[in-house]
Amino acid sequence: MILFSKNTRVTLCLIRSVIYISTVPIMFLCGGAVGSCCAQEVPSGRSEAAEFQKLEPALKFLRERNARTYAITTPNGIDEAPYVEIGGIEQWITIRGEDRNNPALLFLHGGPGDATNPWGYAAFRSWLKYFIVVQWDQRGSGRTFGRNGAASASTITPDRMAEDGIELAEWVKKKLHKDKIVLVGHSWGSVLGFLMVKARPELFYAFVGTGQVAAEFARSSAVAYTALVEKASREGDSRALAELKEVGPPPYKDGKGFGVIHKWANLFEGADVFLASALGFALNAPGYTIADINDWFDGQGVSGERLVPHFDELDRKLLGSELAIPVFVIQGAEDYTTPVSLARSYVDALHAPGKAFTTIEGAGHFAVFTKQDEFLKELKMRVLPLIR
């Protein structure tokens with residue numbers, strides 16, 4: 001999740017904002033404000049907005065190229081992107097797949113508010129041979145936020161979000177003529193997915209969690225700190241060790257300690273590189289504008305303010321619970337944002353008709369995106385047999 005000050009606009013500081021976007025993986029756990037990404041002075045006599053406008057021809061070229069590169073061209077394919085009335089407001093979804101006969105997969109993005117649609121056209125392209133992938137800009141996110149504005153903020157609650165998700169799942173089933181669908185949730189989406197499956201298990205073949213949230217923030221931070229110290233020791237990273245030992249283990253009286261944990265979790269996971277590339281794909285998304293990107297960022301701030309205060313309460317509901325459908329958690333082996341040990345404990349304590357926990361080596365909190373083909377392999381092995 002990215003929290004910018006109200007007056008910060010991506011048009012004026014988009015490239016520099018990559019520095020701040022690298023805090024995304026853990027901001028959903030703490031809700032701390034990043035502040036303005038335009039802290040640096042603009043060179044005298046030059047307008048940053050005017051300089052950015054010079055990029056427009058290149059962006060136009062790349063958007064047109066991406067439209068061709070990631071197009072669905074198969075005879076029985078589907079590529080639709082409507083606003084659908086869900087929960088009394090219009091919400092943005094995309095539906096893409098190479099074969100309408102394939103199973104439908106609804107992906108729940110993290111954040112809160114970090115819609116994947118701006119760059120998911122590229123991230124999930126290899127999945128479209130086997131699934132019809134439905135991406136959803138949740139209430140308060142992306143184009144849904146842009147359509148409804150900040151006035152919808154008061155309706156952003158965990159219960160309302162779960163009701164939205166269930167209503168969307170029913171719509172997808174009817175639209176695509178499916179008996180059930182597959183549900184995949186990343187990070188905050190792993191909590192939302194749990195709530196949806198708990199309420200209406202009959203809608204889903206299986207639930208797949210990744211970047212799985214499995215403990216309240218205080219415990220998660222303590223486990224992450226220990227894991228980061230161990231990682232730094234193994235790697236012989238003296239700088240990381242010095243900074244981590246300087247702040248010591250949580251709890252902290254101010255944000256400095258959490259900032260250090262966030263910094264090294266991002267660096268050790270390689271999240272900073274991934275997030276920068278996601279921003280690049282978003283800028284070059286077919287059909288997107290700078291206004292859409294601004295809505296993407298602004299929605300993350302509003303969603304975080306509304307949902308983060310509920311997180312500890314929601315997280316405590318996860319452990320020792322029961323779900324009526326198979327559950328699979330696929331975690332990056334180097335996930336320090338939602339620590340692997342806690343995700344494993346979540347699966348161990350869960351009661352379900354089938355369950356499994358697996359890790360993807362060389363991946364962190366964003367394994368579903370950075371190792372999407374390995375993740376797809378797990379989906380094909382574990383989920384498709386439940387359908388065919």
Side-chain angles (χ1 to χ4, degrees), residues 72 74-87 91-109 116-117 120 124-139 159-186 189-210 212 321-330 347 350-358 368 372 375-388:
I72 303 297
T74 50
N76 200 37
I78 182 170
D79 187 354
E80 298 182 8
Y83 283 100
V84 178
E85 185 169 329
I86 300 169
Q91 304 199 35
W92 176 255
I93 67 169
T94 59
I95 310 168
R96 286 167 53 83
E98 293 186 4
D99 189 341
R100 293 171 182 263
N101 295 320
N102 281 339
L105 184 154
L106 173 58
F107 186 83
L108 305 176
H109 65 68
T116 51
N117 264 314
F124 293 120
R125 185 61 183 87
S126 62
W127 292 25
L128 304 187
K129 182 177 180 180
Y130 304 94
F131 296 95
I132 302 171
V133 176
V134 179
Q135 294 183 79
W136 165 39
D137 288 13
Q138 299 163 20
R139 181 180 296 257
D159 287 343
R160 178 67 263 176
M161 302 284 282
E163 291 168 4
D164 285 354
I166 289 167
E167 189 175 335
L168 175 58
E170 292 176 324
W171 184 89
V172 169
K173 279 183 52 186
K174 183 177 180 180
K175 164 74 175 177
L176 300 178
H177 308 290
K178 305 298 180 183
D179 294 328
K180 298 181 181 182
I181 64 176
V182 177
L183 191 64
V184 178
H186 172 249
S190 72
V191 179
L192 178 58
F194 175 92
L195 297 175
M196 290 168 56
V197 170
K198 188 73 173 177
R200 294 290 303 278
E202 73 278 6
L203 296 175
F204 309 104
Y205 286 111
F207 172 58
V208 180
T210 183
Q212 180 69 50
S321 296
E322 183 174 353
L323 292 179
I325 64 172
V327 177
F328 307 105
V329 170
I330 306 170
V347 175
L350 184 69
H351 300 281
K355 63 180 184 179
F357 177 86
T358 189
V368 64
Q372 60 264 57
F375 202 100
L376 173 62
K377 183 179 178 181
E378 293 288 337
L379 288 178
K380 290 163 58 180
M381 178 177 68
R382 299 180 187 281
V383 175
L384 286 184
L386 302 175
I387 303 170
R388 295 171 179 168

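Residue numbers count from 1 along this sequence.
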Open item on the list: The criterion is side chain to side chain contact (heavy atoms under 4.5 Å, CB included); which residues satisfy it with Asp179, sequence neighbours excluded?
Closed with: Tyr205
TODO: Name all residues meeting the side chain to side chain donor-acceptor pair (under 3.5 Å) criterion together with Arg160; count only those two or more places apart in sequence or in a different chain, and write none if there are none.
DONE: Glu163, Asp164
- [ ] Flag the pair Asp79 / Arg96 as yes when at least one side-chain heavy-atom distance between them is below 4.5 Å, and no otherwise.
- [x] yes
- [ ] Taking all heavy atoms of Ile166 and all of Met196, pick out the closest pair and write down the distance.
- [x] N-CE, 4.0 Å
Task: Set of residues satisfying side chain to side chain contact (heavy atoms under 4.5 Å, CB included) with respect to Lys175, sequence neighbours excluded - done: Glu80, Ile95, Trp171
Task: CZ-CG distance between Phe204 and Leu106, expressed to the nearest 0.5 angstrom - done: 7.0 Å
Task: With Asp137 via side chain to side chain donor-acceptor pair (under 3.5 Å) - residues at least two apart - done: Asn117
Task: Nearest heavy atoms of Glu98 and Arg125, plus distance in Å - done: OE2-NH1, 2.9 Å
Task: Shortest non-hydrogen separation from Pro103 to Leu384 and the atoms involved - done: CG-CD2, 3.9 Å
- [ ] Can you measure from OG1 (Thr94) to CD (Gln135) and round to the nearest 0.5 angstrom?
- [x] 4.5 Å
Open item on the list: Going by the rule salt bridge (charged side-chain N to carboxylate O under 4.0 Å, His left out), which residues pair with Glu202 if we only count those two or more places apart in sequence or in a different chain?
Closed with: Arg200
Task: Heavy-atom check, side chain of Val84 versus side chain of Trp136, under 4.5 Å - done: no
Task: Contacts of type side chain to side chain contact (heavy atoms under 4.5 Å, CB included), residue Pro201, not counting sequence neighbours - done: Ala324, Ile325
Task: Under the side chain to side chain donor-acceptor pair (under 3.5 Å) test, residues paired with Glu378 that sit two or more places apart - done: Arg382
Open item on the list: Working to the nearest 0.5 angstrom, can you tell me the gap between Asp159 CG and Leu195 CG?
Closed with: 7.5 Å
- [ ] Side-chain contact test, heavy atoms from C-beta onward, threshold under 4.5 Å: evaluate it for Val327 versus Val347 and give yes or no.
- [x] no
TODO: Report yes if some heavy atom in the side chain of Ile387 is under 4.5 Å from a heavy atom in the side chain of Val182; otherwise report no.
DONE: yes
Task: Residue pair Ala169 / Leu203: nearest heavy atoms and the distance that separates them - done: CB-CD1, 4.1 Å
Task: Worked check of side-chain contact (heavy atoms from CB on, under 4.5 Å) between Ile72 and Ile78 - done: CA-CA 7 Å; Ile72 303 297; Ile78 182 170; over 6 Å; no
Task: Contacts of Ser126 that satisfy side chain to side chain donor-acceptor pair (under 3.5 Å) - sequence neighbours left out - done: Asp373
Task: Interatomic spacing from NZ in Lys380 to CZ in Phe131 - rounded to 0.5 Å - done: 9.0 Å
- [ ] Taking ring-ring contact (aromatic ring centres under 6.0 Å, His included) as the test, write out the residues that go with His186, two or more places apart.
- [x] His365, Phe366, Phe369
- [ ] Please assess Val383 against Leu105 for the test side-chain contact (heavy atoms from CB on, under 4.5 Å), listing each intermediate value before the final yes or no.
- [x] CA-CA 10 Å; Val383 175; Leu105 184 154; over 6 Å; no
Task: Test item: Thr210 and Ser190 side chains (from C-beta on) under 4.5 Å apart, heavy atoms - done: no
Open item on the list: Please give me the minimum heavy-atom distance between Gly185 and Phe207, naming the atom from each residue.
Closed with: N-CE1, 4.0 Å
TODO: Would you mind reporting whether Phe107 and Val368 have side-chain heavy atoms less than 4.5 Å apart?
DONE: yes
Task: Atom pair CG/CD of Leu108 and Gln138 - distance to nearest 0.5 Å - done: 6.0 Å
TODO: Mind checking ring-ring contact (aromatic ring centres under 6.0 Å, His included) for Trp127 and listing every partner two or more places apart, or none if nothing turns up?
DONE: Phe124, Phe375
Open item on the list: To check you understand the geometry: which heavy-atom pair defines the closest contact between Gln91 and Ile86, and what is its length?
Closed with: NE2-O, 3.1 Å
Task: side chain to side chain contact (heavy atoms under 4.5 Å, CB included) involving Ala104 - partner list, sequence neighbours excluded - done: Val172, Leu176, Lys178, Ile181
- [ ] Report the distance from atom NZ of Lys173 to atom CG of Leu168, rounding to the nearest 0.5 Å.
- [x] 12.5 Å
Open item on the list: Between Asp99 and Thr74, is there a side-chain heavy-atom distance shorter than 4.5 Å?
Closed with: no
